[in-house]
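Report on one structure; see the data block that follows.
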Amino acid sequence: MPHFSQVPEPWKSFLGELDGEATAETRLDCMGGFVAMLLYGLPRATSDLDVLLIAPGEQRAALLELGIRGGALHKKYKVFLDYVGVARVPEDYEERLTEMFPGVYKHLRICALDPYDLALSKLERNIQRDRDDVKHLAQSVPLDLQILKDRYEKELRWQLGNPKREDLTLKLWTEMIEEERSGAAGCGNP
């Protein structure tokens, strides 16, 4: 897990200013490229911090006004908060959150989805960048595909508008990961 000193700029300053705006302990449930980059070593940069929840709700408006795309901090640091409150994530994700920088901020608690919840949060959109992120998680964590499938079945599938399509997407992801793993295992063998 990264330490505050490892947070690259401009994120370090951006989050520090958001912390200064908060007036009470505030939890940001984070997902997306920011989490994949800082926690799991994803080698691509991101300009947004995808936030699923800002709690308590009384803190939301002020933080979003300052940190949202087009807000003062976006203009200053060229990064922003992207409030994605309608994203589909596994039902019990809150039980598995990891605080990214414990004790660093006075008010902010930057919490990250666990790698399985992070991967499953990308299922519906399923663009190439999402598939690349999932492949990276599968290798770097590494993901246990049975846990991924079980969590999908128990905590996410019932929430989806088109579960049969997402069943197929998960099947294709599983095949993609297994193919990558078998190809990596076979490298260098005669």
Side-chain angles (χ1 to χ4, degrees), residues 8 10-11 14-15 27-55 60 63-64 67-71 73-74 77-98 100 110-181 183:
W11 294 109
F14 176 84
L15 292 170
R27 192 179 90 209
L28 277 62
D29 294 356
C30 303
M31 55 195 278
F34 176 85
V35 171
M37 178 183 71
L38 288 180
L39 278 185
Y40 305 111
L42 184 70
R44 71 169 167 82
T46 185
S47 62
D48 67 337
L49 171 52
D50 296 314
V51 179
L52 182 63
L53 176 74
I54 300 173
R60 185 180 314 130
L63 294 181
L64 288 177
I68 201 163
R69 183 191 301 250
L73 294 183
H74 181 220
Y77 295 111
K78 309 298 185 230
V79 295
F80 61 95
L81 289 180
D82 190 5
Y83 187 63
V84 292
V86 296
R88 300 275 193 331
V89 295
E91 180 179 26
D92 296 327
Y93 83 90
E94 290 180 84
E95 297 172 6
R96 297 179 291 268
L97 289 171
T98 298
M100 293 178 70
I110 311 296
C111 296
L113 294 184
D114 93 334
Y116 296 94
D117 295 336
L118 182 59
L120 289 170
S121 75
K122 297 174 172 290
L123 190 67
E124 279 188 300
R125 189 172 68 172
N126 191 35
I127 62 174
Q128 185 61 50
R129 182 175 64 231
D130 296 324
R131 292 187 295 274
D132 292 343
D133 291 357
V134 170
K135 280 197 274 189
H136 176 80
L137 289 170
Q139 178 196 20
S140 68
V141 171
L143 294 178
D144 179 319
L145 295 179
Q146 192 58 53
I147 292 172
L148 189 68
K149 291 175 194 175
D150 290 347
R151 192 165 301 168
Y152 169 74
E153 287 292 331
K154 293 175 185 165
E155 297 186 37
L156 184 62
R157 188 178 191 278
W158 64 269
Q159 301 180 53
L160 303 173
N162 190 351
K164 289 187 188 270
R165 182 185 73 190
E166 309 323 337
D167 291 349
L168 178 59
T169 301
L170 185 62
K171 180 180 184 296
L172 293 171
W173 281 11
T174 301
E175 291 170 359
M176 167 188 75
I177 292 166
E178 288 171 340
E179 185 176 305
E180 286 259 325
R181 289 177 175 172

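Because only heavy atoms are used, hydrogens play no part in the values below, and waters and symmetry mates are left out as well, while side chains stay in. Residue indices begin at 1 and follow the sequence shown.
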Nearest 0.5 angstrom please: L49 CG to I68 CD1, how far? 12.0 Å

D144 side-chain N/O to Q146 backbone N/O, donor-acceptor pair under 3.5 Å: yes

Show the numbers, then the answer: is there a side chain to side chain contact (heavy atoms under 4.5 Å, CB included) between V35 and L113? CA-CA 8 Å; V35 171; L113 294 184; 5.6 Å; no

Check R151 with D117, please: is the shortest side-chain N to carboxylate O separation under 4.0 Å? yes

At what distance, to the nearest 0.5 angstrom, does NZ of K154 lie from CD of E91? 12.5 Å

Could you walk me through whether L97 and R27 pass the side chain to side chain contact (heavy atoms under 4.5 Å, CB included) test, one step at a time? CA-CA 11 Å; L97 289 171; R27 192 179 90 209; 3.9 Å; yes

Please check: side-chain N/O of Y77 versus main-chain N/O of L15, any donor-acceptor pairing under 3.5 Å? no

Looking only at heavy atoms, the pair that brings L52 and Y83 closest together is O-CE1, 4.0 Å

So, the side chain of R131 versus the backbone of W173: is there a donor-acceptor pair under 3.5 Å, distance only? no

Do the charged groups of R44 and D133 touch, with an N to O distance under 4.0 Å? yes

With sequence neighbours excluded, residues passing side-chain contact (heavy atoms from CB on, under 4.5 Å) with A119: V134, L137, L143, L148

What distance separates M31 CE from D82 CG, expressed to the nearest 0.5 Å? 9.5 Å

Do D29 and Y93 touch side chain to side chain, with heavy atoms closer than 4.5 Å? yes

Is there a side-chain contact between L28 and L63 (heavy atoms, below 4.5 Å)? yes

Regarding N162 and E166, is there a side-chain donor-to-acceptor distance under 3.5 Å anywhere? no

R88 side chain vs Q159 backbone, donor-acceptor pair below 3.5 Å: yes

Does any non-hydrogen side-chain atom of S121 lie less than 4.5 Å from one of D130? no

Grab the two heavy atoms, one from F14 and one from G67, that are nearest each other, plus how far apart they are. CZ-O, 3.8 Å

Provide the closest heavy-atom pair for Y152 versus D167 in the form atom of the first, atom of the second, distance. OH-OD1, 2.5 Å

Partners meeting ring pair (Phe, Tyr, Trp, His ring centres under 6.0 Å) with Y116 (sequence neighbours left out): none

Should the heavy atoms of other residues, nucleotides or ligands under 6.0 Å from CD of Q139 be counted, would the total exceed 12? no

Are R181 and L145 packed together at the side-chain level, in the sense that at least one heavy-atom pair is separated by less than 4.5 angstrom? yes

To the nearest 0.5 Å, tell me how far K78 NZ sits from L73 CG. 11.5 Å

Can you see which heavy atom on L38 is nearest to which on P8, and at what distance? CD2-CD, 3.4 Å

Does R69 reach the main-chain N or O of D48 with its side chain, forming a donor-acceptor pair under 3.5 Å? no

For E175, is there an ion pair with K171 - N to carboxylate O distance below 4.0 angstrom? yes

CZ-CG distance between F80 and L64, expressed to the nearest 0.5 angstrom: 12.0 Å

CZ of F34 to CG of L81: how many Å apart, nearest 0.5 Å? 9.5 Å

Beyond-backbone contact of V79 with W11, side-chain heavy atoms, under 4.5 angstrom: yes

Any side-chain heavy-atom pair of E155 and L120 under 4.5 Å: no

Any side-chain to backbone donor/acceptor pair from H136 onto P43? Under 3.5 Å, distance only. no

